[in-house]
**Student:** 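Here it is, the structure, as structure tokens.
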Amino acid sequence: MSLTLRLKQKALELGFDLAGVAPAGVWQDLEFARKWVEQGRGGEMHYLENPKRRDPRLVLPSAQSVLCVALIYNAPFPYSTEASAASSPVEMKPLSGSSGDAPGTRAWISRYAWGRDYHETMRAKLEKLRKVIENLEPGVETRVYVDTGPIVERAFARYSGIGWTGKNTCLINPAKGSWFFLGVVLTSLAIEPDLPAPDRCGSCTRCLDACPTGALTDPYVMDASRCIAYLNIELKGSIPEMYREQIGSNIFGCDICQDVCPWNSRQPSATSSQSSAVSSPSSQKGFGRTGAATTTLAEFQPMVITLSAPSDAGDGESSGKADLPPGLRFSLFNPPLDGLAQVSEEDFRLAFAHSPIKRPKYRGWLRNLCVVMGNSGDRRFIPKLKELSLHEDPVVREHAAWALAQLAGTHMEEQHA
């Protein structure tokens with residue numbers, strides 16, 4: 001058995017869903033990434049300007065090969081484009097005076113963030129894979145990365161045969177779709193590389209057509225500064241007003257360009273992949289009604305949040321916390337906006353300590369909450385927004401004022417209808 005195949009099979013044994021080997025010199029893709037950053041498409045993500053991203057040998061001078069792996073995170077629940085009528089698997093009581101779960105009062109959290117922080121899960125598996133490589137021969141050098149260092153993982157993954165770069169810029173595997181995390185092991189070993197996966201997007205433009213903010217400016221080109229996931233996660237300051245309505249109910253991240261992708265909705269077969277990358281048998285076919293491969297890993301299933309009792313529960317009129325019982329519980333799948341509005345700073349810190357949701361910090365969470373409440377058309381959130389309009393952070397105050405104006409405008413439109 002070749003070394004390439006041995007390492008890929010070991011990766012699958014460790015729990016990864018896909019594995020492939022790329023050469024260290026994927027210069028075409030790395031040059032594209034460099035020009036993309038220089039054109040300002042990365043917004044305020046200045047870490048993308050790190051010159052080490054242009055050549056993996058600037059990270060590991062002895063690097064000759066890159067072992068790439070992928071881990072499916074797609075939990076078997078409806079997509080954001082299907083979830084308007086879906087209910088959360090763990091329900092909560094509505095706010096006082098509500099007649100029930102009114103339209104527009106659910107929010108969306110990107111499915112990659114429903115469970116445990118993928119960095120932790122991926123890193124633990126990659127460290128085991130690193131040990132396998134280092135035990136092959138004395139003196140082997142390795143570096144492990146999961147979206148946290150100066151490595152363009154997607155470029156190496158494409159050359160490894162794991163998938164092709166889709167028009168939405170996500171990596172797509174014909175047998176599994178695109179719902180997977182990427183990790184890499186740089187190594188000084190000279191391992192025979194796999195072949196890049198062929199592009200199978202064809203003439204389809206569903207992702208470009210569906211993007212609410214027009215972030216996919218051309219096929220295979222994203223302007224991250226217009227992407228909803230950038231706006232509500234990476235951007236630290238004020239969200240440009242021109243994009244706030246388009247954010248809709250997305251309080252953290254956005255899944256739309258993947259939701260509409262045919263490779264995530266068709267029913268692939270175990271023989272549909274001609275890629276030289278190895279994949280695990282368990283996810284060679286789709287599950288549920290979406291058809292894309294799903295995972296049973298507990299780490300990536302929707303977390304259930306339990307809120308602490310409001311300190312001012314008796315002052316529901318002014319706080320927007322009326323009749324909310326202690327120990328309120330709800331799932332992060334298509335969560336009720338009523339519940340998200342009650343997440344205190346302590347709740348946020350405790351609930352998301354091991355979650356990607358902690359990245360924008362609590363002030364970013366409140367900013368996003370204001371936008372989604374403003375887009376909801378639900379005037380029950382006016383007390384909460386008035387409270388946030390007095391917040392110590394100026395960005396939160398500004399977005400609360402904007403949301404109040406949105407709800408006032410919605411009310412005026414209803415009166416004149």
Side-chain angles (χ1 to χ4, degrees), residues 41-45 73-75 77-84 86 88 104 106-115 117-118 147 154 165-172 177-182 205-236 238-265 290 292 300 302-303 332-335 337 340 352 355-360 364-376 399 403:
R41 297 181 184 273
E44 296 181 5
M45 296 184 288
Y73 63 84
N74 181 28
F77 291 87
Y79 290 170
S80 68
T81 49
E82 307 168 317
S84 59
S88 177
R106 288 194 176 271
W108 189 260
I109 291 173
S110 186
R111 67 199 310 114
Y112 88 88
W114 288 352
D117 191 338
Y118 66 95
D147 193 29
R154 194 180 315 174
T165 302
K167 292 179 181 177
N168 61 2
T169 75
C170 295
L171 213 68
I172 304 173
S178 64
W179 305 106
F180 50 80
F181 299 122
L182 294 173
T205 59
R206 292 187 190 180
C207 56
L208 281 78
D209 299 336
C211 180
T213 58
L216 296 169
T217 56
D218 291 290
Y220 313 104
V221 180
M222 172 185 284
D223 184 345
S225 67
R226 300 170 62 174
C227 174
I228 290 175
Y230 166 82
L231 294 170
N232 62 22
I233 300 176
E234 296 296 328
L235 184 64
K236 304 308 178 189
S238 179
I239 296 173
E241 284 196 35
M242 68 181 76
Y243 300 131
R244 293 180 191 176
E245 287 190 42
Q246 284 77 13
I247 286 174
S249 63
N250 290 290
I251 194 168
F252 185 91
C254 177
D255 293 332
I256 293 173
C257 70
Q258 294 190 82
D259 288 345
V260 301
C261 178
W263 291 97
N264 283 334
S265 61
T290 65
F300 300 144
M303 185 188 308
L332 290 187
F333 163 69
N334 200 198
L337 191 51
L340 299 183
F352 303 132
S355 162
I357 295 175
K358 66 179 179 291
R359 183 164 178 78
W365 172 265
L366 292 179
R367 176 199 62 183
N368 299 343
L369 178 66
C370 290
V371 172
V372 174
M373 288 193 295
N375 289 332
S376 72
H399 287 73

**Student:** Could you tell me whether the side chains of S249 and N375 share a donor-acceptor contact shorter than 3.5 Å?
**Tutor:** no

**Student:** So L231 and P240, do their side chains get closer than 4.5 Å, heavy atoms only?
**Tutor:**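 Of all side-chain heavy-atom pairs linking L231 with P240, at least one is under 4.5 Å.
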
**Student:** Report the C-alpha distance between N368 and V371 in whole Å, list the side-chain angles of each, state the deciding distance to 0.1 Å, and finish with yes or no for side-chain contact (heavy atoms from CB on, under 4.5 Å).
**Tutor:** CA-CA 5 Å; N368 299 343; V371 172; 5.7 Å; no

**Student:** Could you list all the salt bridge (Lys or Arg N to Asp or Glu O under 4.0 Å) pairs where at least one residue sits in residues 240-249, not counting sequence neighbours?
**Tutor:** R244-E398

**Student:** With sequence neighbours left out, what residues match Y112 under side-chain hydrogen bond (donor to acceptor under 3.5 Å, both in side chains)?
**Tutor:** none

**Student:** Closest heavy-atom contact between L340 and A107?
**Tutor:**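 Scanning both residues, the minimum pair turns out to be CD1-CB, 3.6 Å.
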
**Student:** Does Y243 reach the side chain of I228, with side-chain heavy atoms less than 4.5 Å apart?
**Tutor:**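 Result no, sub-4.5 Å side-chain heavy-atom pair not found.
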
**Student:** Shortest non-hydrogen contact from E44 to K236?
**Tutor:**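 So the two residues come closest at OE1-N, 4.3 Å.
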
**Student:** Quick one, F333 and P78 - any side-chain contact, counting heavy atoms below 4.5 Å?
**Tutor:**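 Contact flag for F333/P78 side chains = yes.
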
**Student:** Has H399 got a side-chain atom pairing as donor or acceptor with G374's backbone, closer than 3.5 angstrom?
**Tutor:** no

**Student:** Should I109 and I251 count as side-chain neighbours, where that means a heavy-atom distance under 4.5 Å?
**Tutor:** yes

**Student:** Verify the distance criterion only: is there a donor paired with an acceptor across the side chains of D147 and Y118 at less than 3.5 Å?
**Tutor:**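 Note: D147 and Y118 side chains meet the donor-acceptor criterion.
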
**Student:** Output the distance between atom CG (L235) and atom SG (C227), rounded to the nearest 0.5 Å.
**Tutor:**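 It comes to 11.5 Å.
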
**Student:** Give the minimum heavy-atom separation between A224 and G42, together with the two atoms involved.
**Tutor:**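 Of all heavy-atom pairs spanning A224 and G42, the closest is CB-CA, 4.3 Å.
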
**Student:** Is any side-chain heavy atom of Y79 less than 4.5 Å from a side-chain heavy atom of Q258?
**Tutor:** no

**Student:** Sequence neighbours excluded and cut-off under 3.5 Å, please list the side-chain donor-acceptor pairs for residues 206-217, or say none.
**Tutor:**
{"from": "D209", "atom 1": "OD2", "to": "T205", "atom 2": "OG1", "distance (Å)": "3.0"}
{"from": "T213", "atom 1": "OG1", "to": "R226", "atom 2": "O", "distance (Å)": "2.4"}
{"from": "T217", "atom 1": "OG1", "to": "R41", "atom 2": "NH1", "distance (Å)": "3.4"}

**Student:** How long is the gap from NZ on K167 to SG on C261, to the nearest 0.5 Å?
**Tutor:** 10.5 Å

**Student:** Which pair of heavy atoms, one from G253 and one from N232, lies closest together, and at what distance?
**Tutor:** N-OD1, 2.8 Å

**Student:** Any chance you could measure R154, atom CZ, to T169, atom OG1, to the nearest 0.5 Å?
**Tutor:** 4.5 Å

**Student:** How would you list, by chain and number, every residue that makes a ring pair (Phe, Tyr, Trp, His ring centres under 6.0 Å) with F300, sequence neighbours excluded?
**Tutor:**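 F181.
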
**Student:** Residues in side-chain hydrogen bond (donor to acceptor under 3.5 Å, both in side chains) with S225, at least two apart?
**Tutor:** D223

**Student:** Listed by chain and number, what are the side-chain hydrogen bond (donor to acceptor under 3.5 Å, both in side chains) partners of S110, not counting sequence neighbours?
**Tutor:**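 With sequence neighbours excluded, S110 shows a side-chain hydrogen bond (donor to acceptor under 3.5 Å, both in side chains) to D255, given in chain and number order.
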
**Student:** Output, in order, the C-alpha distance, side-chain angles, deciding distance and verdict of side-chain contact (heavy atoms from CB on, under 4.5 Å) for L171 and T165.
**Tutor:** CA-CA 5 Å; L171 213 68; T165 302; 3.9 Å; yes

**Student:** For a quick test of reading the model, state the closest non-hydrogen atom pair linking F252 to A113 and the distance between them.
**Tutor:** CE2-CB, 3.6 Å

**Student:** Are the side chain of N74 and the backbone of W179 linked by a donor-acceptor contact shorter than 3.5 Å?
**Tutor:**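 Absent.
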
**Student:** Among all residues two or more places apart in sequence or in another chain, which pass the side-chain hydrogen bond (donor to acceptor under 3.5 Å, both in side chains) test with Q246?
**Tutor:** none

**Student:** Tell me, please, which residues at least two apart from K358 pass salt bridge (charged side-chain N to carboxylate O under 4.0 Å, His left out).
**Tutor:** D117

**Student:** Could you give me the CA-CA distance, side-chain angles and deciding distance for F352 and L332, then say whether side-chain contact (heavy atoms from CB on, under 4.5 Å) is met?
**Tutor:** CA-CA 11 Å; F352 303 132; L332 290 187; 4.0 Å; yes

**Student:** Enter the distance from R111:CZ to D259:CG here, rounded to the nearest 0.5 Å.
**Tutor:**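 Nearest 0.5 Å value for the CZ-CG distance: 6.5 Å.
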
**Student:** In chain order, what residues pass the side-chain contact (heavy atoms from CB on, under 4.5 Å) check against A75, with sequence neighbours excluded?
**Tutor:**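 Per chain and number, A75 pairs via side-chain contact (heavy atoms from CB on, under 4.5 Å) with F77, W114, Q301, P302.
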
